[in-house]
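In listed order, ligands and their atoms are each counted from 1. Just the heavy atoms: all of them, side chains too, but no hydrogens, waters or symmetry mates, feed the values below.
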Amino acid sequence: MKIKSFPHGVHPPEFKELTAEKPLEQMPPSEKVMIPLLQHFGSPAQPLVQKGDEVLLGQKIGEGKSLFSASVHSSVSGKVLSVESLNHPGGSPVLTVTIANDGQDSVFPERRGEKNPFSLRPEEIRQKVKEAGVVGLGGAAFPTSVKLSPPKDKPIDTLIINGCECEPLLTSDYRLMLEAPDDILKGAELARIATGAERIIVGIEENKKEAFELFQDKLQNSPGEAVLLKTKYPQGAEKNLIYSLLRRKVPRGGLPFDVKIVVQNVGTAKAIWDAVKDGKPLYERAITVSGQSIKEPKNIITRIGTPFRDVINFCGGASDEANILVMGGPMMGIAQWSLDVPVVKGTSGMLAWPAPSLSREYPCIRCSRCLEHCPMGLVPTQLAKYVKFDLFKEAEDWGILDCVECGSCQYTCPSKIPLVHWIRLGKNKIISLRKKSA
Ligand code: SF4
Ligand code: SF4
């Protein structure tokens, strides 16, 4: 069997064995949840509740009013303690609804499931997905209803289901594939109907052979197929995945729509099914809690809004030498400075390590390793230099906005130059300059 892949990239040590055989475990809800009204790409949801209100499990507490927004729902039943700006694991403070859990899990009664989801029209599927506040669960948290709405002049022929989970240490998608393959495939079929795609391809890395064989078996005699991909980082980045599977190149500044493709992560596909079949809002998700400093690494299903501190305690706590906590994977994750931030829809993992021995940064020796490993064909060393000297126009001309912030360049740099830091800074600056001049 030919194993597909993309050029460049890296292969960091995986460390997936810490949790790969650990089934998903339901974590009991916390006594208090903190639910930010911005957990997605786009504008924040508008609050629908205030201090003192009683809320039910799954009740909408924030309305995503604009196209690029997503509604948020309560992940417990209980009383609203506050609606105020609180720290967010993404970095900046965000308006957040804090709820005291009454321990009853009284379900909001107006959930509208669907007896025959496959009879729905595309716009009905999109509406139910929007109503449930579903966003991409691979980490980007892009509103899913938008991704399921290709422009009329850009017909879709293929829906790709992303089962790569290429970040080291993370295994919750793998467990989801083993434990809920039918829900994933039914959600994928709804996404196929919504986008008008003709076929489904499920892309899975070869380090998840068991999941691949399961999907291959389940997709027999269907218009879909499972395809085995080389274990390489960042195989799961959309543009690389599309190239690996279909040899199509998304144009610079373009979207998968431009090459007739929509990509959804396996967790998102399951959330689509839960939203449409059961009317279940996105108020919990699967995450991996792992790393050298976590005493009992696990895969868990946890409620949105659960404090990081509670999650770590549920996994046996962190050892004394723990010094670094990251939300997400080790390559693209966001370092945390507090345990009092909540799990959000985009939290795919929580990892902890002892502090690494600090290595200082050295001058660039022009070894070109960063170029050789960049999956987007960029020149990271040059981009970083342009940003350092405020040459944003030049950085843009050299394609800085195409950087997917995968970290492959920095991982391979022998001089330990924080290339992603500079590139991210440059991207943010260019985007804010664009907004100012609009
Ligand atoms: S420049 Fe961006 S896309 Fe290229 S390797 Fe570095 S982080 Fe990844
Ligand atoms: S990998 Fe580091 S040292 Fe080598 S060219 Fe790139 S920035 Fe310079």
Enumerated ligand 1 atoms positioned under 4.0 Å from heavy atoms of [X]:
X    : answer
P375 : 5 (S)
C403 : 1 (S), 2 (Fe), 3 (S), 7 (S)
M376 : 3 (S)

Between [X] and [Y], does any side-chain donor sit less than 3.5 Å from a side-chain acceptor?
X    : Y    : result
Q382 : E394 : no
D173 : N265 : yes
T19  : T288 : no

Run down the list [options] and name the one with the heavy atom closest to [atom].
atom                    : options                : value
atom 2 (Fe) of ligand 2 : P363, C364, A384, C413 : C413
atom 7 (S) of ligand 2  : V379, T412, L383, T381 : T381
atom 4 (Fe) of ligand 1 : C374, P234, G9         : C374

Give a yes or no on whether the backbone of [Y] and the side-chain of [X] come within a donor-acceptor separation of less than 3.5 Å.
X    : Y    : result
R285 : T347 : yes
Q264 : A188 : no
H8   : E372 : yes

To the nearest 0.1 Å, how far is [atom] from its closest protein heavy atom, and which atom is that?
atom                    : value
atom 8 (Fe) of ligand 1 : C406 SG, 2.4 Å
atom 5 (S) of ligand 1  : C409 N, 3.4 Å
atom 6 (Fe) of ligand 2 : C370 SG, 2.4 Å

Query - Heteroatom N/O/S of C367 within less than 2.8 Å of atom 6 (Fe) of ligand 2 - result: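 Under 2.8 Å: C367 has no N, O or S contact with atom 6 (Fe) of ligand 2.
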Query raised in the report: Centre of Y174's six-membered ring, under 6.0 Å away, within 45 degrees of the axis: is that where NZ or CZ of K16 sits?
Result: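 Relative to the ring axis of Y174, which defines the angle, K16 lies outside at least one limit.
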Query raised in the report: Within 45° of the ring axis of F389 and under 6.0 Å from its six-membered ring centre, is that where the NZ or CZ of K385 lies?
Result: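 Verdict for F389: no cation-pi partner in K385.
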**Report entry** Atoms of ligand 2 close to S368 [distance to a heavy atom under 4.0 angstrom, numbered from 1]
**Finding:**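 In order of number, 4 (Fe), 5 (S).
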Requested in this report: Please work out whether any backbone atom (N, CA, C, O) or any side-chain heavy atom from C-beta onward of P380 is under 4.0 Å from ligand 2, and answer side chain, backbone, both or neither.
Outcome: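 P380 to ligand 2: no contact under 4.0 Å from either part.
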Query raised in the report: Can you find a non-hydrogen atom of I423 under 4.0 Å from ligand 1?
Result: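 True for this residue.
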Query - Residue part near ligand 1, for E405, under 4.0 Å between non-hydrogen atoms - result: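 Looking at E405 and ligand 1, just backbone atoms fall under 4.0 Å.
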Query raised in the report: L37 and Q46: side chain to side chain contact (heavy atoms under 4.5 Å, CB included), yes or no, with the steps?
Result: CA-CA 7 Å; L37 293 171; Q46 300 301 309; over 6 Å; no
